[in-house]
Protein chains: 4
Amino acid sequence: MSKPSVLKIKVVTGDIRPIFKQIIDGIRLEIATEKLSPGSKLPSYRGLAMQLMINPNTVAKAYAELSKQGLIESKKGLGLFVSENRQSLSDDEREQKLAKAVTVFINETVHLNYSDDEIVEVIKNKLKEIKTT
Amino acid sequence: MSKPSVLKIKVVTGDIRPIFKQIIDGIRLEIATEKLSPGSKLPSYRGLAMQLMINPNTVAKAYAELSKQGLIESKKGLGLFVSENRQSLSDDEREQKLAKAVTVFINETVHLNYSDDEIVEVIKNKLKEIKTT
Amino acid sequence: MSKPSVLKIKVVTGDIRPIFKQIIDGIRLEIATEKLSPGSKLPSYRGLAMQLMINPNTVAKAYAELSKQGLIESKKGLGLFVSENRQSLSDDEREQKLAKAVTVFINETVHLNYSDDEIVEVIKNKLKEIKTT
Amino acid sequence: MSKPSVLKIKVVTGDIRPIFKQIIDGIRLEIATEKLSPGSKLPSYRGLAMQLMINPNTVAKAYAELSKQGLIESKKGLGLFVSENRQSLSDDEREQKLAKAVTVFINETVHLNYSDDEIVEVIKNKLKEIKTT
DNA sequence: GTGGTCTAGACCACT
DNA sequence: GTGGTCTAGACCACA
């Protein structure tokens with residue numbers, strides 16, 4: 001299985017996130033939902049750059065970040081692969097990241113005067129949507 | 001009622017948000033939770049800048065943004081006031097903003113492998129926390 | 001104390017390490033030996049780049065890495081500062097890093113046929129040298 | 001004694017070192033610890049490549065490097081052999097290599113805030129471990 | 001002025 | 001061919 005997986009990542013310039021962040025989020029999602037299984041090969045810098053019509057260095061930056069997080073591993077001259085034993089974040093880190101995201105989210109939404117139930121509803125739908133895509 | 005309300009906003013440099021964003025969020029929250037009622041006067045640029053120990057330009061930027069959103073209005077020579085009819089956003093806009101915030105939030109959280117229920121739980125708690133503060 | 005500290009970092013192209021790594025190591029060392037105290041301001045991208053006669057982006061890469069490690073914090077528009085509460089690495093991580101470095105070191109040296117004592121001697125001297133510089 | 005020694009080298013892709021470096025280190029270690037004696041025959045390019053399941057070019061690169069260092073010699077038509085007089089490095093070179101390795105090692109470790117004694121301890125243990133394996 | 005992102009193109013190391 | 005480093009220069013957001 002030396003062919004790289006084809007990533008279904010989309011990158012849009014209109015997004016708030018910088019492009020390299022979109023790539024990171026996209027791949028992290030694929031890995032988390034196991035559409036990208038441990039050991040599988042990722043597209044090359046240049047390949048993904050061409051597919052997404054962006055600069056290879058932007059891809060490199062995203063891959064470097066994922067590499068440092070231990071989610072993917074590089075084998076020089078061979079390519080990049082999803083880590084076998086993806087060393088998951090410590091519980092502390094996970095909690096902190098979640099708390100941070102929640103705070104940001106709340107800051108962005110409270111003033112919109114939605115009820116708690118409405119907000120929760122929208123989130124649940126989005127979660128389902130992602131997992132079934 | 002010409003005395004400006006004293007805002008209980010806090011601004012911290014360690015925050016992920018830029019300072020002007022923290023001010024916007026703070027004031028929006030005060031208005032949404034009706035601690036700041038329609039028609040009440042806001043502190044002056046200089047006054048708030050001194051209170052928060054930040055650059056007046058930063059306050060100006062925040063006020064400008066809030067004005068653009070229609071949440072506050074300037075009455076020439078008198079100062080800035082909370083708008084009387086504060087439901088300035090159309091339903092469409094509200095929905096869009098919520099959807100956008102949800103998407104950002106999900107992007108930051110899915111890969112953490114929390115269950116849907118756990119995520120919803122944390123959000124509910126945070127919402128309660130804010131409204132009782 | 002808004003003046004940035006002057007870093008005594010040296011960067012040499014002959015080094016095995018890439019330049020951005022040399023910067024990281026240099027600053028980490030300054031922080032570890034407390035020549036660079038928490039809260040103090042670092043030189044700007046452009047300033048350090050000029051001082052070291054390298055490209056600002058190379059400095060940016062080093063600073064970004066240190067930022068992500070939590071050793072330094074950026075305050076947009078103000079500059080970069082040594083973190084107050086430098087969240088130290090967990091004991092596990094420290095041990096792993098040490099073990100890794102030791103393995104690399106041994107691989108590089110065993111075949112030189114030095115006695116254990118000689119090797120230890122050289123290391124001790126180097127350690128002293130650094131701490132008194 | 002025309003049969004080549006069977007090298008007990010292991011090569012892992014997860015290693016920080018490139019594969020050809022692992023081979024070099026492995027053989028150098030075998031020679032230094034005299035498990036591989038002067039004059040003994042080394043496995044062929046193809047043989048070692050098959051044994052380690054790697055690209056023959058990678059083995060070639062490792063052998064070329066070892067030849068350049070004078071640790072092994074090729075006898076045309078016969079194969080590769082461990083050099084008879086294996087103290088090929090001058091004292092100067094040995095010192096330089098040691099100093100370089102120490103510097104790299106220190107750069108990786110100082111910021112971990114281990115005491116000198118702890119560091120020395122770990123190294124001593126590792127040295128013992130290797131020599132008794 | 002500050003930090004940070006993106007592009008373009010060159011060059012090196014590894015397999 | 002692969003990953004990775006470095007340079008150059010443009011552009012944006014923030015204070």
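Scope of the values below: all heavy atoms of this structure, side chains included, with no hydrogens, waters or symmetry mates. All figures in this text were calculated on a predicted structure; none of them were measured in a lab. A, B, ... follow the sequence lines: proteins, then strands. Residue 1 opens every chain.
- In this structure F:dC14 sits in a base pair with E:dG1, meeting the Watson-Crick or G-U test at under 3.5 Å.
- OP1 or OP2 of E:dT2 has not a single side-chain nitrogen or oxygen of C:Lys75 nearer than 4.0 Å.
- Ranked by how close their nearest DNA chain E nucleotide is to the 5' end, A:Gly77 and C:Ala60 are led by C:Ala60.
- Across all non-hydrogen atoms, the minimal contact from A:Ile23 to A:Ile9 is O-CD1, 4.1 Å.
- Contacts of B:Ile54 with the nucleic acid, taken as non-hydrogen atoms under 4.0 Å apart, are absent.
- Each of F:dG4, E:dC6, E:dT2 was ranked by its minimum atom distance to the side chain of A:Pro18; first place goes to E:dC6.
- Remark: the backbone N or O of C:Leu36 is not paired with any side-chain donor or acceptor of C:Ser40 at under 3.5 angstrom.
- Side chain of C:Gln22 to backbone of C:Arg17: a donor-acceptor contact under 3.5 angstrom is found.
- Phosphate proximity of F:dT2 to A:Tyr45: absent, as no side-chain N or O sits under 4.0 Å from OP1 or OP2.
- Distance, D:Gln22 CD to E:dA13 C1': 15 Å, rounded to whole Å.
- When rounded to the nearest whole Å, the span between CG of C:Asp15 and P of E:dC12 equals 17 Å.
- Distances shorter than 4.0 Å separate none of the side-chain N or O atoms of C:Tyr63 from OP1 or OP2 on E:dG4.
- Here the side chain of A:Ser83 pairs a donor or acceptor atom with the backbone of A:Leu71 at under 3.5 angstrom.
- In this entry the distance linking CG of A:Leu78 with P of F:dG4 reads 12 Å, nearest Å.
- Summary of the strand contacts: A:Gly79 and B:Asn57 both lie near DNA chain F, and taking for each the nucleotide with the nearest heavy atom, the more 5' one is attributed to A:Gly79.
- F:dT7 atom P lies 15 Å from atom CE of C:Met50, rounded to whole Å.
- At the heavy-atom level, C:Asn55 lies under 4.0 Å from base atoms of the strands shown.
- Atom C1' of nucleotide F:dT5 and atom NZ of C:Lys61 are separated by 6 Å, given to the nearest angstrom.
- Rounded to whole angstrom, the span from the CD1 atom of C:Ile16 across to the P atom of E:dC14 amounts to 13 Å.
- Taking 4.0 angstrom as the limit, A:Ser74 places a side-chain polar atom (N or O) nearer than this to OP1 or OP2 of F:dG4.
- A salt bridge links B:Glu108 with A:Lys21: the distance from a Lys NZ or Arg NE/NH1/NH2 to an Asp or Glu carboxylate oxygen falls below 4.0 Å.
- Nearest nucleotide to the side chain of B:Phe20, out of F:dC14, E:dT15, E:dG3: F:dC14.
- To the nearest angstrom, P of E:dC11 lies 16 Å from CD1 of C:Ile19.
- Checking the phosphate oxygens (OP1, OP2) of E:dT7, a side-chain nitrogen or oxygen of A:Thr58 falls inside 4.0 Å.
- Spacing between atom CZ of C:Phe81 and atom C1' of F:dC14 amounts to 13 Å, rounded to whole angstrom units.
- Look at E:dG9: its Watson-Crick or wobble partner, with both distances under 3.5 angstrom, is F:dC6.
- Nearest heavy atom pair, residue A:Leu98 against residue B:Leu112, reads N-CD1, 3.9 Å.
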